[in-house]
There are 2 protein chains.
Amino acid sequence: MTVTLKHVAERAGVSRSAVSRCFTEGASISSGTRAKVERAAVELGYFPNVLARSLTTRSTRLIGLVSNNFHNPVFLQIFDLFTRRLQDRGLRPLLVNLSEETAPARSVQMLRQYSVDGVIVASSTLPGGFARAFREAGMPVVHAFGRPADRPDVHVVGIDNIACGRIAAATLIARGYGRLGFLGGPQAASTTQDRMAGFLAEGSRHPGAGTVIRFADAYSFDAGRAAMQAAIAEGCFAEAWFCGDDVLSLGAISALRDAGLSVPGDVGVIGLNDMEMAGWAGVGLTTIHQPFDEIIAASIDLVTAMPDDPARAPVSRIFPCRVVERGTLRARC
Amino acid sequence: MTVTLKHVAERAGVSRSAVSRCFTEGASISSGTRAKVERAAVELGYFPNVLARSLTTRSTRLIGLVSNNFHNPVFLQIFDLFTRRLQDRGLRPLLVNLSEETAPARSVQMLRQYSVDGVIVASSTLPGGFARAFREAGMPVVHAFGRPADRPDVHVVGIDNIACGRIAAATLIARGYGRLGFLGGPQAASTTQDRMAGFLAEGSRHPGAGTVIRFADAYSFDAGRAAMQAAIAEGCFAEAWFCGDDVLSLGAISALRDAGLSVPGDVGVIGLNDMEMAGWAGVGLTTIHQPFDEIIAASIDLVTAMPDDPARAPVSRIFPCRVVERGTLRARC
DNA sequence: CGGAATTCTGCAACGCGTTGCAAAACGTGT
DNA sequence: ACACGTTTTGCAACGCGTTGCAGAATTCCG
């Protein structure tokens, strides 16, 4: 049935060790036996079983990719990049969907059972405790899109959300908007808190700029729309809104337009992420670009480097964001 | 470091076999030793290593989830459902991104190395040869969203694309549209061919209905938009279009509106898939709903059942689709 | 060519669990 | 207490590969 080391060894007339060495990088083997083994291997269609190998090498090349964001289109881009970059390095993503999970225990246990080489938690809404739980179970872990800190519990890769809030406010103020609005995602998420803090801090530096604050229940179109509808119904008004995410922005814009307001004519909107859809013709969302490619590459770098230096203190790697102008803010005045 | 069977056995004062049996369903073990073992196990935080176990049981509970659609938002929904349904059954998705791959060899080899219990190819644009390659390598495989056939090479789960084409044409004709347009995805894809065939067949049953045909390079917004722009530029006109996918429809609509045409005022559009975004306020795409949940459940059923009956001939499981009315066709006349 | 240095090779043990089998323990009926 | 049937248990071998070690085969050098 399955062809193993032994079959190849017999066919090639060498010992099992010889065959094994033929397939391990940098092992000592003569070109003669190597040729014999390789011929037998291709004739039999043999390839070593990674899982059996992992028993002794203690490396499965499996990486747990853990997320709970399966409704925000930007995560399709993120999964695309993660899977490709991991594949490029010969690593395999074991996808874990935490959508309905409130405690880390089960996923920790499961990833331990599969002895993954590392875990990447890719989410801005999972509480920090999830990533920490993996670390406590002894797995290399990095939290991508997590909350940076001076002394983080685990490696964090992402953006400076406070700075993003500031950039958003500064951009709106530079456009001459007076009354500013912040429409955050779930209030408990650290990203929401930080973006708001930066936004308010920058706003308060400009005496003319008042600020209103709203939250959506989730990073989703419907939540953004509902939140903005509620704001309108309650007479809560701003000349321009910073929404904590692109898909939230689209929901908000839909509510604004339904209320007879023009974007950007009557109200400005700036998002965050710069997902693919933001650039679609007819969408044209002005937003803050998050450098996904770098964040993802850095996450993989960190998680793969961890076994080499287990004592290393967790670090935060922060990448700068930039505004990308499209059509939902009025022109600079 | 890692706690193994042996540690638990020593602590509980029993043999390794006893511990093993304690963790395998339906093995013969007395309640007394079970209690001892369980206590020792929780004290040590022990859980059996699935990978080591798989060596003898020949089951990893790993399922290869293979796709090349990381740019069509509907696939985020699909991945969400797949990962959840697999998890519900204690299976683990090993995600394989085939975006840049033109030959199946590498992925076949890789999934063999990880001895996955089965493979689900989730794509409507991968040629059938990919799924076949997995079968030839001896892996249980099902092609989700593939092309059904009377005697398929591998299990196929999906929809009847010819019927969908017919439904689309019938719907448009019932609305009184005369000149019909078909905007397909990549011309080589079987889905494109079949949807077109059904569409044309139904159209030809109604003498009044002429048909024009166009193809987009990919199932993407930009491709749909570009194809429709080209159609307009060349004076290729239809009163209503059936687009082979929702995201293609959105691109097409964007081109139509840019050209000063109102949808549905001047031109009707019907899509296919019924992705989440189709229902967004302001999008309101009339489309043909594909029952993803059932397709995915059936795919998993089939792939997990295969080892029990390896001789079973491949089957096609086809689920019916239905039109969901929103706002991109004029009212029934 | 002899001997030392180097490169290869096979043996055997190991990584972590599972499982067939025979012996041990237990239970029952008389 | 004995014979008999039914659990339960441990031993040892196995699944598939890797690796330390010691000896065999080469190579190198004077």
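Proteins come first, then strands; the chains are lettered A, B, ... in the order of their sequence lines, and each starts at number 1.
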Show the distances under 3.5 angstrom between N or O atoms of the protein and N or O atoms of nucleotides 7-10 of chain C.
| unit_1 | atom_1 | unit_2 | atom_2 | d |
| --- | --- | --- | --- | --- |
| dC8(C) | OP2 | S28(A) | OG | 3.3 |
| dC8(C) | O3' | S30(A) | OG | 3.4 |
| dT9(C) | OP1 | S30(A) | OG | 2.9 |
| dT9(C) | OP1 | T33(A) | OG1 | 3.0 |
| dT9(C) | OP2 | S30(A) | N | 3.2 |
| dT9(C) | OP2 | T33(A) | OG1 | 3.0 |
| dG10(C) | OP2 | S15(A) | N | 3.0 |
| dG10(C) | OP2 | S15(A) | OG | 2.9 |
| dG10(C) | N7 | R21(A) | NH2 | 2.8 |
| dG10(C) | O6 | R21(A) | NH2 | 2.7 |

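For R58(B), no side-chain nitrogen or oxygen approaches OP1 or OP2 of dT18(C) to under 4.0 Å. When the side-chain nitrogen and oxygen atoms of S20(A) are compared with OP1 and OP2 of dT19(D), none of them lie within a distance under 4.0 Å. Between Y114(A) and dC16(C), a side-chain N or O to OP1/OP2 separation shorter than 4.0 Å is absent.
Taking the six-membered ring for Trp and thresholds of 30 and 60 degrees, Y46(A) and F23(A) have ring planes more than 60 degrees apart, a perpendicular arrangement.
Atoms CD (E25(B)) and P (dG17(C)) sit 18 Å apart, rounded to a whole Å. Across the protein-nucleic acid pair, L5(A) atom CG and dG17(D) atom P stand 5 Å apart, rounded to whole Å. In this entry the distance linking CZ of R53(A) with P of dC16(D) reads 15 Å, nearest Å. As a whole-Å value, the separation of R61(B) CZ from dT18(C) P is 14 Å. Rounded to whole Å, the distance from CZ on F23(A) to P on dC16(D) is 15 Å. Whole-Å rounding puts the H7(B) NE2 to dC16(C) P distance at 7 Å. Following rounding to the nearest Å, N49(A) (CG) and dC16(C) (C1') show an atom-to-atom distance of 14 Å. When rounded to the nearest whole Å, the span between NZ of K6(A) and C1' of dT18(D) equals 17 Å.
Residue pairs meeting the salt bridge (Lys or Arg N to Asp or Glu O under 4.0 Å) criterion with at least one partner in residues 10-21 of chain A, sequence neighbours excluded, are R11(A)-E43(A). Counting only residues at least two apart or in different chains, salt bridge (Lys or Arg N to Asp or Glu O under 4.0 Å) contacts with residues 98-114 of chain B comprise R84(A)-E100(B), E101(B)-R106(B). Within the structure, every pair that satisfies the salt bridge (Lys or Arg N to Asp or Glu O under 4.0 Å) test and touches residues 138-152 of chain A, not counting sequence neighbours, is listed here: R147(A)-D194(A). Applying the salt bridge (Lys or Arg N to Asp or Glu O under 4.0 Å) definition to pairs two or more places apart or across chains, those involving residues 300-317 of chain A are R89(A)-D301(A).
Side chain to side chain, N161(A) and T191(A) fail the donor-acceptor criterion of an N or O pair below 3.5 Å.
The distance from the CZ atom of R85(B) to the CD1 atom of I63(B) is 15.5 Å, given to the nearest 0.5 Å. Here the CG atom belonging to D80(B) is positioned 11.5 Å from the CG atom belonging to L76(A), to the nearest 0.5 angstrom.
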Kindly indicate, with the supporting measurements, whether the criterion ring pair (Phe, Tyr, Trp, His ring centres under 6.0 Å) is fulfilled by F82(B) and F70(A).
CA-CA 11 Å; F82(B) 261 123; F70(A) 283 80; over 10 Å; no
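Contact annotation for T2(A): backbone-only contact, meaning every heavy-atom pair under 4.0 Å involves sugar-phosphate atoms and none involves a base.
Each end of the helix from dC1(C)-dG30(D) to dT30(C)-dA1(D) gets its own axis from five base pairs, and the two axes differ in direction by 30°, given to 10 degrees.
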